[in-house]
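Some notes on the structure that comes next.
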Amino acid sequence: MDAADEMDIDAAADEAGSPPSASGSLSTFLSELAALHRRSSGTSSSTSTSPPLSLASLTFLSSAASPSSSIFPRLAAAGLPASSLSAPLAASLSSAHHPLPAAVAYLRLLLAPASPLLSLFSPLPFLSLLLALRKSASSSAAAHDGAAAANPSSGSGSGKGNHRNRKRKSHQQRQSPAAQAAAPSLLPKALALLADAAGRLPLGEHPDARRSLVDTAAELAAFDVLVAVLGSGYYAEAMPDLVRALAPVALSGSRSAARAAAVEFLARKVVPLCVEGGEDGVRKAVGYLPRYLAAKAPEKSEARAMAVEAIVEVVRAMGQLEMEGFAGYVVAMAKGKAKGRLLAVDLILAMLPLLLPSEGDDCGLQEGSWGLKFVRVLVERCSDTVGGVRARALTNAAHALDVLSERGMEVDWLQEVMRIGNIGLGELLRLRCADDKAAVRKAALVLITKSIRLIGRPVDESLLTAMGAACSDPLVSIRKAALAAISEVFRNFPDERVTKEWLQAVPPLVIDSETSIQEECENLFLELVLNRVCQAANLNLNDESNDMEEVFPKGTLHLLKSICDGEVAPCIKKICASLGKKKKLKPLLASSLQNIITISESLWLRGCKPIEMWTAPAGAWWLLSEVSSFAPKSVNWKFLSHHWKLLDNVGQDKGKVCPKGEPNSALWAVDRVSLLQTISNVSMELPVEPAAELAHSLLTRIENFDMNLSEVDAHVKSLKTLCKRKAKTAKEGETLILKWVQQLICKAVNILDEYIKETSEAAKGPKFFTPLSGKLKGRKDASAQKSMSRAVIAVFTIGSLILACPTANVQGVIPSLHTIITSGNSQPRPKNLAGGTVSFKELAPSLYIQSWDTMAKICLVDDKLAKRYIPLFVQELERSDLATLRNNIMIALADFYVRYTAMVDCYMSKITKSLRDPCEVVRRQTFILLSKLLQRDYVKWRGVLFLRFLPSLVDESEKIRHLADFLFGNILKAKAPLLAYNSFIEAIYVLNNCLGHGAQPESQGRLDGGPTLFAIRGTDERSRLKRMHIYVSLLKQMAPEHLLATSAKLCAEILAAACDGLLNVDDAAGRAVLQDALQILACKEMRIHPNICTDNSEMDEEGGDGGSTNAALQAAKGRAVTQVAKKNLIQIAIPIFIELKRLLESKNSPLTGCLMECLRTLLKDYKNEFDEILVADKQLQKELLYDMQKHDVAGKGKAKAAAAAAGPSGASPAVNVGGKRVDGSARATARSVLKEVNRNTPTPPLNSMSVPKVRSMLGGGGGGSRRPAVLESVRRLEPFGSDDEN
């Protein structure tokens, strides 16, 4: 013993009352023992208790310098039996003062030479010894924690925690110094002595002492003691105790040294005992060791993962027979309870490498092998009923594919293995991509990403569509996983259908709300699209090449054609702009696009084809126009000049007929627009003389007024850019622009006035004239058509010029435009006004439409004119029968809303009528424009706007439905989370066109004459399903507390209103409202359960520091909401349901069955509490119990009938009845009905049927008499605050 220990023990001796000079000697010990022996011999053994040994004697016995070999001979010489030591030592071990020195002394005596082991050992002292060791270890750990807590660097040094630390410190100061110092110094010595004694003690006859020894060694991580136990003669009896004691240590959720040592002990020391020739009990216990560990594995993910590591480490040390036995147990566990299935899928992945042969051999998935069984079980669990098991199985399947690919798994065999019945891997993944659980969808996408390279073949169309749909998932993590999955498919199989789906799914993510997704979208577009196009930069045309598909890299031309699609082009423009600002666009890209166009032209000319018929590869000019502004020096001016002259000449000669066919004027017009945009982008790099020549050419083309309308804007913008960039000063540039703009406007006005004059004169001409010949008539019609075409181009050009130069004078064109846009009115007009008697809407519809568009552009730069003409735009939107015009006016009104919000806001109720326009394009355009205005806060979610958006959720167009789902599910949920709750009751009245209690006239549009436009009336199945879809979409946006409040409002404002007569149930609309309310209360989205909060939480916070705390809070919130829901059902809903049932029965209403079905659904979770809930109506209680039992029996009967009629494969066979297919269950039902009919049993009369009689509790007060206090208390519920108030 060192000096510090001796000082502590001496101090403890002083405190205990021993003489300070007692240093400890054998003679002193023998004297004390003799005195104790004489004392015990002189008293009755049944009533006396031996006192403990003094600390001096215990110090002497526990000291390494004590002559342990001479203790027992000296005892015999002094006439003291060895048993005289038992009672004092037992008392010392049980004492609270110094048990640890007593334990060391006891162990040294047991290990002493010539020690009478059988006389000295006793179970009770040994149990006390083990208890002393555990207490010493716990006190040592507590002292260490207290010292850490008292450290000033660990905290702020103030507060309640510091007060607790001071109390703990003062308590430690009151303890014996020996108790503080002896524990850490003597405990290792005691454990070492216990390890030496464990193999010698006769513990085979004392199971309690043996069990306590194993538990103590496992608790203190004293594995030397356990090794001694395994080497003893009683190891067979101790094996079950050892496994039981080490399991909690090995399965602990923290990566500690004790856990690692426990796992290593089980694998290296325990498992080798399971050998041939060993004892059956030991082999059986060791064989069941991994099963026991699996049964005790924790449920939490991190702890479960560590438990799987421990189990696999143990299994790896086992023999092949034991390993296969545990594999069978895992397969069986995968078909058991949910907890076992979740652990099984983790064990399957961890054990799969153990069951497969090493690399270079066959992959080990032959029929009947455990590897094949594991893979099939893993695939089966991908369709588990529990979402967590499905997600984990899919994730592990992805990792299993890596393991199989490393072992050389064949693709065809893999496809066959990963099949469940008739469902292949592709179909399985498609189903999981559309799963209702977010974790499952994410895991399925990860599996797709992993499996693409291994499968080595393109995915099917349905799976591709599912991945594209997942890119618009509400959860950020799902969108990221879908982005990675579909990009991996595109990277490996860039065929046409994959390219199309990728371009429709990925580029729109550039406007995602998550910045990381935007960046990933840009990087993927750069890698998979732009870098592929760059591969054509250094291509050279061979003498033998004639086909462009052979010259360019595979898929390049189709990729260019796909990116200029109208739906994805805006997103790709944004991507290119963002990449250009970040300087990620390479100059090589512009060179590559020029090379593609040049090679295409050379191949065309090589085939001796007319240049007028040539068109550049689709998308090449468009992409060059987008990237040229960020690499202007990479665009060759000679290249641009050559193609501008070529395209411009063909554009001017488009009227001439080519000997070998007509030129592709439309495609050339599109290319000219892109070419002009490219020229504008690189105009600063152009030489002065070519730039002036180009500007003159552009002005001449515009003055001719014979271009395609799509080219006019490009010419005007290019000319403006050239003037601004080549002018010496900004003022000089503005003056030059204003000069030619005013010049062009004057010419356009002259052309328009001339056409109006000619048309008016033709309308005023004599009605009786000699008919023209066919040739002359054709010339006249062609001339009139040419004049109208020039007038249309002139009007359109005026609009483009106004936007390019807002300061231009347009007073001369306004009267002409006013004449045209008002020519469609039925009101009489003055005949002396030019064009006053002509209806241009009928005579020249295109001019009529373009005139409205140009007037809208003028109004955008002139607020006074806008104030006069905005009412005309709204009026024309309502009455026009031209879908194109309505669409254009809707776009103009959206621009007006941004520029003149106050002027247009009063017309919102009329503008929203376009959401129900007969044309799908107008409806979709209106929806998109209003949604953008709502996002930018130009329009507020108030009044009729929200209610008029609801029918879009069930629009006939799938595109509009998709947009509406995104608006309500993503944008609205984040921007106005309370709007669905606050407007829910009103929406029920509006959709049913019911002007009853709770509906406002202005909300239904009665003030503007549209009461039925936004209603979905009717009790037919189609109308009811549409309304329910809208209700469900709104319910999904509500938090649990809002669902609870909505159910209370439904009861108070609809059901109670029907009871009070405020809602007329005899009216068709009132009945529809009541039926909708009952079906809403019964739908599954309205049900509130404890897990609803955690199910609706975002999954992206997994693995965070506060994830577990947030989950616990959400779970507690769910339980609280569930309790309140039950209270709401008892106190509010049930009284109203009872009264409503009486009312409906008194009127013989068909809604009685709907009400009973709603009650059955609401109360099916409270079967054991019927007496408490329905205490006010015992008869209703009996009826509901009867209905529930009948419903359950009917459900079981249908299941049995389906099972009986099912074929060998488990599917119900179908038969043809009247040309239609009928399944087996329907055939069984029909057979039973026909059997009753063949008996010729007449239908019993109505008076003979037993009808349940309902007893009134109000003394026959009638259906309308109800206690007003119930409804009055319900109506006192205060609603949540609206979003507008917030």
Side-chain angles (χ1 to χ4, degrees), residues 947 950 981-1006 1011-1012 1014-1020 1023-1024 1026-1028 1030-1031 1034-1035 1045-1083 1086 1128-1129 1132-1159 1161-1162 1180 1256 1258 1261-1279:
L947 299 174
L950 293 179
Y981 161 73
N982 289 328
S983 304
F984 191 80
I985 302 299
E986 191 176 6
I988 299 176
Y989 283 96
V990 171
L991 292 175
N992 286 284
N993 194 27
C994 177
L995 193 62
H997 173 68
Q1000 302 297 329
E1002 59 271 13
S1003 67
Q1004 293 188 321
R1006 294 183 180 272
T1012 62
F1014 294 89
I1016 308 176
R1017 297 184 300 172
T1019 57
D1020 57 291
S1023 301
R1024 188 183 60 81
K1026 282 186 175 182
R1027 294 197 302 270
M1028 283 303 300
I1030 295 175
Y1031 302 146
L1034 296 180
L1035 292 174
T1046 299
S1047 64
K1049 291 175 68 174
L1050 285 170
C1051 294
E1053 299 185 23
I1054 295 182
L1055 304 188
C1059 296
D1060 287 345
L1062 301 177
L1063 179 64
N1064 187 10
V1065 295
D1066 295 329
D1067 178 59
R1071 284 198 304 272
V1073 169
L1074 183 58
Q1075 183 178 10
D1076 285 359
L1078 292 173
Q1079 290 178 345
I1080 292 169
L1081 288 170
C1083 70
M1086 181 60 81
N1128 172 71
L1129 180 66
I1132 298 178
I1134 292 301
I1136 297 176
F1137 271 102
I1138 293 174
E1139 189 65 24
L1140 182 61
K1141 178 175 178 291
R1142 293 169 184 162
L1143 173 65
L1144 296 179
E1145 287 178 344
S1146 66
K1147 294 178 177 293
N1148 291 326
S1149 173
L1151 295 179
T1152 306
C1154 186
L1155 182 141
M1156 295 297 292
E1157 179 66 19
C1158 177
L1159 266 177
T1161 305
L1162 290 175
L1180 178 61
S1256 175
L1258 299 179
S1265 64
R1266 66 175 274 111
R1267 289 167 294 182
V1270 177
L1271 296 183
E1272 193 62 31
S1273 63
V1274 171
R1275 294 195 183 94
R1276 294 193 189 115
L1277 295 174
E1278 296 182 1

[X] side, atom [atom1]; [Y] side, atom [atom2] - distance, nearest 0.5 Å:
| X | Y | atom1 | atom2 | result |
| --- | --- | --- | --- | --- |
| L1050 | I985 | CG | CD1 | 4.0 Å |
| L1151 | E1145 | CG | CD | 12.5 Å |
| N992 | I1016 | CG | CD1 | 9.0 Å |
| Q1079 | E1157 | CD | CD | 9.5 Å |
| I988 | S983 | CD1 | OG | 11.5 Å |
| L1143 | S1146 | CG | OG | 5.0 Å |

Is [Y] close to [X] at the side-chain level, that is, under 4.5 Å between some pair of heavy atoms?
| X | Y | result |
| --- | --- | --- |
| I1080 | M1028 | yes |
| C1083 | Y1031 | no |
| L1078 | L1055 | yes |

Before you tell me yes or no, could you show the steps for T1046 and L1034 under side chain to side chain contact (heavy atoms under 4.5 Å, CB included), namely the whole-Å CA-CA distance, both residues' side-chain angles and the distance that decides it to 0.1 Å? CA-CA 11 Å; T1046 299; L1034 296 180; over 6 Å; no
Quick one: does D1060's side chain have a donor or acceptor within less than 3.5 Å of a partner on L1062's backbone?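 Judged by distance alone, no pair lies under 3.5 Å.
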Donor-acceptor contact below 3.5 Å, side chain R1027 vs main chain G1018: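 Yes, R1027 side chain to G1018 backbone: donor-acceptor pair under 3.5 Å.
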Working note: L947 + Y989, criterion side chain to side chain contact (heavy atoms under 4.5 Å, CB included); need CA distance, chi angles, decisive distance, verdict. CA-CA 10 Å; L947 299 174; Y989 283 96; over 6 Å; no
Under 4.0 Å between a side-chain nitrogen and a carboxylate oxygen: does that hold for E1139 and R1142?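 Here E1139 pairs with R1142 in a salt bridge, since their nearest N and O are under 4.0 Å apart.
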Applying side chain to side chain donor-acceptor pair (under 3.5 Å), can you list everything that pairs with D1020, at least two apart in sequence or on another chain?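 Scan of D1020 (side chain to side chain donor-acceptor pair (under 3.5 Å), adjacent residues dropped) gives S1023.
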Can you name the residues that form a side chain to side chain donor-acceptor pair (under 3.5 Å) with R1017, not counting sequence neighbours?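 Result, side chain to side chain donor-acceptor pair (under 3.5 Å) vs R1017: none returned.
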For residues [X] and [Y], report the shortest heavy-atom separation together with the two atoms involved.
| X | Y | result |
| --- | --- | --- |
| T1161 | A1082 | CG2-O, 3.3 Å |
| V1065 | A1058 | CG1-CB, 3.9 Å |
| I1136 | A1052 | CD1-N, 4.5 Å |
| C994 | L1063 | SG-CD1, 4.1 Å |

What do the steps show when you test L1155 against L1074 for side chain to side chain contact (heavy atoms under 4.5 Å, CB included), and what is the final call? CA-CA 9 Å; L1155 182 141; L1074 183 58; over 6 Å; no
